[in-house]
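Data block below; observations after.
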Amino acid sequence: MIEFINVSKTYDNGTQALKDVNIKINDGEFVFIVGASGAGKSTFLKIIMREQVPNKGTVMINGYNLNKMKKKQIPLFRRTLGIVFQDFRLINTMTVYDNVAFAMRVIGAKEKEIRKRVPYILSLVGLSSKARHLPTQLSGGEQQRVALARALVNNAGLIIADEPTGNVDPEMSYEIVDLLNHINANGTTVVMVTHEHNLVRHFHHRVITIDQGAVISDSDDSDKLPEDYEKYEQMYPSEASADTETAETQEAEPVDIAEIITEEITVDEDKESVYFAQPNSDSELEEFIANYGVDTDDESDTEIDYSIYLESLTEENGGDK
């Protein structure tokens, strides 16, 4: 559950990003967050992910009080979230399999469990055949599905999607949201920020509109949006389009994501692709994984040093983080 109680956020430069926001999102809901650029949507997400702390009010998420959270608790809290970014944020030197497995490795999952869970999640997002491909060998839509698989692999009860259709073509936009719709049908909470109003209108879910830091409307269905919502549609014309006949007649069929495929991945060497890559492994990455979110007896606030891993990753990607 997500609950914002009289939450306000003002940055050091005087910008008031959120003003007395009161929002309650229950477990199992699918909620669209809409509004113009600068309305406060990004700050709303940053507070949910505990990248920012409000100046006023209380934020409760998945049983955590984010206002009173210590720095060493942040990694543990973030394990309860699955986050999908607009720019994918995949590691280009890792295969699709390893990008998804990485999310399990950083929480110390055993390789046996990884070999069971990752193939199942890749099949769920339709990427079983691309497990050994690198991100650069995938389309934008496929890369976004890898990012979604990574968010799902640790069985998070809450998915945060920040403009997940922003870097994919219009037809793929519907596929991405439809996939989120299937995940939600199984009880996973989904909070999605978007400018794609055709998507908002098509998928009948709750819509929260933020304007100048305040919640100006909260509609329980996209068929009941306020009249002033049209101004956002005019400011941000939607590019997404769908086959109306197909889209209107299709319904999300629940998928049992609790089921786990037990077969381990095997590779027929005679049929091995020229793109096949063994899982990446290096000492710096292993050290990063080993120290991710480790509890200590020291009550002082501590932070994980990501610099070593990020520097090595930057070098591998030609200077791009």
Under-4.0 Å salt bridge between E175 and R145: no
Tell me whether [X] contacts the main-chain N or O of [Y] through its side chain, where contact means a donor paired with an acceptor under 3.5 Å.
X    : Y    : value
R89  : V84  : no
R50  : M69  : yes
D218 : I208 : no
N22  : V7   : no
E142 : S139 : yes
D220 : R206 : no
Q16  : G213 : no
K9   : K56  : no
K130 : V96  : no

query: What do you reckon, is CG of N13 surrounded by more than 12 foreign heavy atoms closer than 6.0 Å?
result: yes
message: Does Q212 have more than 12 heavy atoms from other residues, nucleotides or ligands lying within 6.0 Å of its CD?
response: no
message: Tell me whether R105 forms a cation-pi arrangement with F102, defined as NZ or CZ under 6.0 Å from the six-membered ring centre and within 45 degrees of its axis.
response: no
- prompt: Sequence neighbours excluded, which residues qualify as side chain to side chain donor-acceptor pair (under 3.5 Å) partners of T43?
  reply: Y11
- request: Report the relative orientation of the aromatic rings in H205 and F32; use parallel for angles under 30°, tilted for 30 to 60°, perpendicular for over 60°.
  value: tilted
message: Do N99 and Y97 make a side-chain contact, defined as non-hydrogen atoms from C-beta onward lying under 4.5 Å apart?
response: no
query: Under 4.5 Å between any side-chain heavy atoms of N92 and L134, yes or no?
result: no
message: Suppose we call two aromatic rings close when their centres sit under 6.0 Å apart. Are F30 and F203 close by that rule?
response: no
- line: Test side chain to side chain donor-acceptor pair (under 3.5 Å), reference N62, set D27, T189, T80, output is T80
Non-hydrogen atoms of L122 and V100 that approach each other most closely: CD2-CG2, 3.9 Å
field: Pairwise salt bridge (Lys or Arg N to Asp or Glu O under 4.0 Å) hits with a residue in residues 151-162, at least two apart
entry: none
